[in-house]
There are 2 protein chains.
Amino acid sequence: MRTAAERTVEHPSRQDLQLGEVLQALADPLRLQIVCTLAASGTELSCSAFQLPVTKSTSTHHFRVLREAGVVHQRYEGTARLNALRREDLDAAFPGLLGSVLNAAHVRT
Amino acid sequence: MRTAAERTVEHPSRQDLQLGEVLQALADPLRLQIVCTLAASGTELSCSAFQLPVTKSTSTHHFRVLREAGVVHQRYEGTARLNALRREDLDAAFPGLLGSVLNAAHVRT
DNA sequence: GGGTTCATACGATTATGGTCGTACTACGTT
DNA sequence: AACGTAGTACGACCATAATCGTATGAACCC
């Protein structure tokens, strides 16, 4: 039996964010779409809320890439894994980057 | 025998620039370094000026990716191929993007 | 013309990464 | 306890892309 603490997820801290990894994470069309959807929603969204045209395992892969790059934060709530954009951390590490990407992708924020 | 006109290079026009391609181009560490060096120099640089830790053919490959994404402009001058950052075009297509990337990479511009 | 330099073209190799399928875990519900 | 749901883990496969080597081309110099 696992405790609640063991269900936490590893995230890079704000000062460990790497530009290359973030650009790499945003470079995939599916992941860019995820980020745009998250930004437009302004809230946390479960993985299944995105209706991605791939299987669940592929979806898991993409969310992991985004999390390990520090783009999204994930936490468990029941069986769901809620995703949130790490807006403040990204803005602190790379000022203006996320905003210009979202703007270029025509996302209203 | 080729004429001078045949030595010109194909470039995507400003309105054809795609965010995904640009992010993809910037996501590679070597290409990001090329862009940063170009931005810091503020001028045109030949491919050989970059001292990249790869062979010439690999170097050619990366410059082509940057050119086809619309990040750099290339023109022939003698035996050299001069590269210039397409700053204005990028700013027009994706306002603030290049600046925030360069700033995040600690490039003084 | 011959040699040198800067760069491209093409093919081969290798590494990376996106994709899927299956099995599994954790949580909630009945 | 049994079941359904949400997501993960792991291994396999395949497409893409990074890399190199060799051969080639264009411009310049002697």
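Since the structure is predicted, the reported quantities are computational estimates derived from the model, not experimental observations. Just so you know, these numbers use all the heavy atoms, side chains as well, and skip hydrogens, waters and symmetry mates.
In this entry the distance linking NZ of B/K56 with C1' of C/dT5 reads 7 Å, nearest Å. As a whole-Å value, the separation of A/R75 CZ from D/dT8 C1' is 19 Å. Rounded to whole Å, atom P of D/dA6 lies 15 Å from atom CZ of A/F50. Atoms CD (A/E77) and P (D/dT5) sit 19 Å apart, rounded to a whole Å. The nearest whole Å value for the distance from the CG atom in B/L30 to the P atom in D/dA17 is 16 Å. Between B/R67 atom CZ and C/dT8 atom C1' there is a gap of 10 Å when expressed in whole angstrom units. A/E68 places its CD atom 10 Å from the P atom of D/dA9, with the value rounded to the nearest Å. As a whole-Å value, the separation of B/F63 CZ from C/dC6 P is 14 Å.
Dashed line: the shortest gap from a side-chain N or O of A/S48 to OP1 or OP2 of D/dG7 is under 4.0 Å. For the OP1/OP2 pair of D/dA9 and a distance below 4.0 Å, the side-chain nitrogens and oxygens of A/R64 include at least one atom meeting the criterion. A sub-4.0 Å separation between OP1 or OP2 of C/dT5 and a side-chain N or O of B/T79 is absent. At C/dG18, one or more side-chain N or O atoms of A/R31 fall inside 4.0 Å of OP1 or OP2 (strictly under the cut-off). In terms of phosphate contacts, B/T55 brings a side-chain nitrogen or oxygen within less than 4.0 Å of OP1 or OP2 of D/dC20.
Taking 3.5 Å as the limit, the base of D/dG21 and the side chain of B/S57 contain a donor-acceptor pair of atoms between them.
Residue-level contact check: A/S59 touches neither bases nor backbone, having no heavy atom under 4.0 Å from any strand. Contact annotation for B/Y76: backbone-only contact, meaning every heavy-atom pair under 4.0 Å involves sugar-phosphate atoms and none involves a base.
A salt bridge is defined here as a Lys NZ or Arg NE, NH1 or NH2 lying under 4.0 Å from an Asp or Glu carboxylate O, and A/R67 with A/E10 fails to meet this definition. The residues A/E88 and A/R86 are annotated as not salt-bridged, no charged nitrogen and carboxylate oxygen being separated by less than 4.0 angstrom.
Annotation: A/Q15, atom CD; neighbour count of heavy atoms from other residues, nucleotides and ligands within 6.0 Å is above 12.
Side-chain contact between A/V35 and A/L98: present, with at least one pair of heavy atoms (C-beta onward) separated by less than 4.5 Å.
Nearest nucleotide to the A/T60 side chain, out of C/dC20, D/dT8, C/dA7: D/dT8. Out of C/dT8, C/dT19, C/dC6, the shortest distance to the side chain of A/H62 is found at C/dT19. Closest approach to the A/H61 side chain among C/dA7, C/dG18, D/dA6 is made by C/dG18 (side chain taken as heavy atoms from C-beta onward).
Using modelled atom types, one finds a donor on one side chain and an acceptor on the other under 3.5 Å when comparing B/T55 with B/T58.
The nearest heavy atom of DNA chain C to B/S46 and to A/T58 marks one nucleotide each, and the one closer to the 5' end goes with B/S46.
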